[in-house]
Amino acid sequence: MAKASPRSFQPLSRDFYQRPTLEIALDLLGRYLIVDEGGKPVGGRIVEVEAYIGEDDPACHAHLGRTRRNEVMYGPPGRAYVYFTYGNHWMLNVVTEREGFPAAVLIRALEPSLGQETIRSRRNVKSERDLTNGPGKLTAALGINGHDNGADLRSSRLLITREIEAPKEIGKSGRVGVSAGSDLPWRFFDSASPCVSLYRLGTRASRRTPRTTQNSPVPGVPLKGRTGRGRK
DNA sequence: AGCATGATTTGCT
DNA sequence: GCAAATCATGCTC
């Protein structure tokens, strides 16, 4: 995965994105998310994603219908849905399914493989794994923000490659930060990657040695309450 | 290692 | 106002 120019990377076809969201989520693991920064590729291998599917999904931004904020999700597949949250974080999603049906895959973590000097200059952390192991971290590292909202992943500075280094084992769990007590297991990650996000995984998952073997890193622990600022 | 907090947008109540 | 698909920091044990 050492290529000189972003031009040498092939974008995924439009048909790739016009499929069931869960299928796409799994198929995105191991591919490379790349930002073309004036001819230089900055990005990395996708190792963690979450699916948000339709107005019936209570955790999906579209669950209460179309608004100015979420309208990109209602548009054609293969575009970036980028939104701002928690006061200072941008989240990158890939729009899926047919036009008119709001669904997307949130990119939650990368292995920072390209343009690491640029990434490091934007991230004030020491260890490599902390550079892009969270949805807000990776947008900061890659310089992705609201200007990229609606960008076509086939004809803008943003790209996801056909090239894939598929994970050997895919872990599944409930989605992070989704407050419903019984959330759908729509978070997927490369079990062997050290760069999977560890945010709020409770007391059992150590930040130094992420759970790399089996499925859910949070077995039986409801992902409830306590999102955002700690209340009380 | 665990918990609280500040950053301060968007959209619903 | 409040909660949300969050993160870095700082305090406490």
Side-chain angles (χ1 to χ4, degrees), chain A residues 21-22 24-25 28 46-74 80-96 102-110 112 119-120 122-127 129-150 172-189 195-211 217-218 221-232:
Chain A
T21 304
L22 294 177
I24 296 170
L28 285 174
I46 297 170
V47 295
E48 179 180 347
V49 297
E50 278 177 4
Y52 291 88
I53 310 175
E55 295 180 347
D56 293 336
D57 176 359
C60 182
H61 278 177
H63 79 285
L64 293 174
R66 183 173 181 146
T67 65
R68 184 186 275 101
R69 183 202 211 189
N70 66 26
E71 63 187 2
V72 172
M73 267 203 290
Y74 287 80
Y81 167 42
V82 184
Y83 71 90
F84 194 78
T85 192
Y86 290 110
N88 52 346
H89 295 289
W90 294 100
M91 302 287 134
L92 171 67
N93 301 254
V94 174
V95 176
T96 59
V105 175
L106 170 68
I107 310 297
R108 287 191 54 87
L110 305 176
I119 288 174
R120 283 191 181 275
R122 292 171 174 152
R123 301 272 306 133
N124 186 28
V125 293
K126 282 142 200 101
S127 80
R129 69 137 57 86
D130 288 336
L131 291 170
T132 50
N133 63 341
K137 298 179 186 181
L138 72 89
T139 54
L142 271 53
I144 292 169
N145 59 36
H147 291 120
D148 298 301
N149 190 33
K172 301 174 173 51
S173 82
R175 295 170 290 185
V176 172
V178 172
S179 48
S182 58
D183 188 49
L184 284 348
W186 286 354
R187 170 176 178 248
F188 307 106
F189 53 93
C195 296
V196 165
S197 80
L198 295 167
Y199 181 63
R200 214 184 322 129
L201 292 184
T203 59
R204 14 190 54 190
S206 152
R207 278 187 182 266
R208 302 272 159 238
T209 42
R211 178 134 253 97
V218 267
V221 177
L223 296 164
K224 54 163 296 221
R226 271 201 60 357
T227 67
R229 57 278 314 297
R231 293 250 327 112
K232 224 197 188 158

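Small disclaimer: the values here were computed from a predicted structure and weren't measured. Residue numbering restarts at 1 for every chain, and letters A, B, ... go by the order of the sequence lines. Only this structure's heavy atoms are used, side chains among them; waters, hydrogens and symmetry mates stay out.
In this structure, N149(A) places its CG atom 16 Å from P of dT9(B), rounding to the nearest Å. For the pair R175(A) CZ and dT6(C) P, the computed distance is 11 Å after rounding to whole Å. For the pair H63(A) NE2 and dA4(C) P, the interatomic distance rounds to 10 Å; values are reported in whole Å. E48(A) has its CD atom 15 Å from the P atom of dA5(C), to the nearest Å. What separates CD of E50(A) from P of dA4(C) is a distance of 14 Å, to the nearest Å. Distance NE2 (H89(A)) to P (dT5(B)): 17 Å, rounded to an integer number of Å. Residue M73(A) contributes atom CE, which lies 11 Å from atom P of dG11(B) at whole-angstrom precision. Here the C1' atom of nucleotide dA5(C) and the CG atom of N133(A) are 16 Å apart, to the nearest Å.
Test L138(A), I144(A), T85(A), T139(A) against M91(A) for side-chain contact (heavy atoms from CB on, under 4.5 Å) and you get one pass: T85(A). None of I107(A), N93(A), V176(A), L184(A) except one satisfies the side-chain contact (heavy atoms from CB on, under 4.5 Å) rule with E50(A); the exception is V176(A). Between Y81(A) and the options H61(A), E71(A), R69(A), a side-chain hydrogen bond (donor to acceptor under 3.5 Å, both in side chains) holds for only H61(A).
Counting any heavy atom pair closer than 4.0 Å across all strands shown, N93(A) reaches a base atom. Residue-level contact check: T85(A) touches the bases, meaning some heavy atom is under 4.0 Å from a base atom. Within the 4.0 angstrom heavy-atom criterion, no nucleotide atom of any strand lies near R66(A).
Counting only heavy atoms from C-beta on, F84(A) has its side chain closest to dT9(B) among dT9(C), dT6(C), dT9(B). Of the candidates dT6(C), dA5(C), dG11(B), the closest approach to any side-chain atom of R69(A) belongs to dG11(B). Taking only side-chain atoms of P135(A), from C-beta outward, the nucleotide of dA5(C), dC7(C), dT9(C) with the closest atom is dC7(C).
dA8(C) and dT10(B) have their C1' atoms separated by 22 Å, given to the nearest Å. With C1' as the reference atom, dA5(C) and dC3(B) are 22 Å apart, rounded to whole Å. Taking the C1' atoms as reference points, dC7(C) lies 22 Å from dG11(B), given to the whole Å.
From N124(A), atom CG reaches atom CG of D130(A) across 11.0 Å, with rounding to the nearest 0.5 Å.
Between Y83(A) and N149(A), the closest side-chain pair of non-hydrogen atoms is not below 4.5 Å.
For the OP1/OP2 pair of dA8(C) and a distance below 4.0 Å, the side-chain nitrogens and oxygens of N88(A) include no atom meeting the criterion. One finds a side-chain N or O of R123(A) lying less than 4.0 angstrom from the OP1 or OP2 phosphate oxygen of dA8(C). The side chain of R108(A) contributes an N or O atom lying less than 4.0 Å from OP1 or OP2 of dT6(C).
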What does the 5'-to-3' dot-bracket notation of DNA chain B look like when only Watson-Crick and G-U wobble pairs under 3.5 Å count, and pairs to other strands show as |? |||||||.||||.
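A donor N or O paired with an acceptor N or O is not found under 3.5 Å between the base of dA5(C) and the side-chain atoms of Y86(A).
In terms of heavy-atom proximity, V82(A) sits nearest to L92(A) at CG2-CD1, 3.8 Å. When all heavy atoms are compared, the tightest approach of G65(A) to N70(A) is O-ND2, 2.9 Å.
Panel note: side chain R108(A), backbone N133(A); no donor-acceptor pair is recorded below 3.5 Å.
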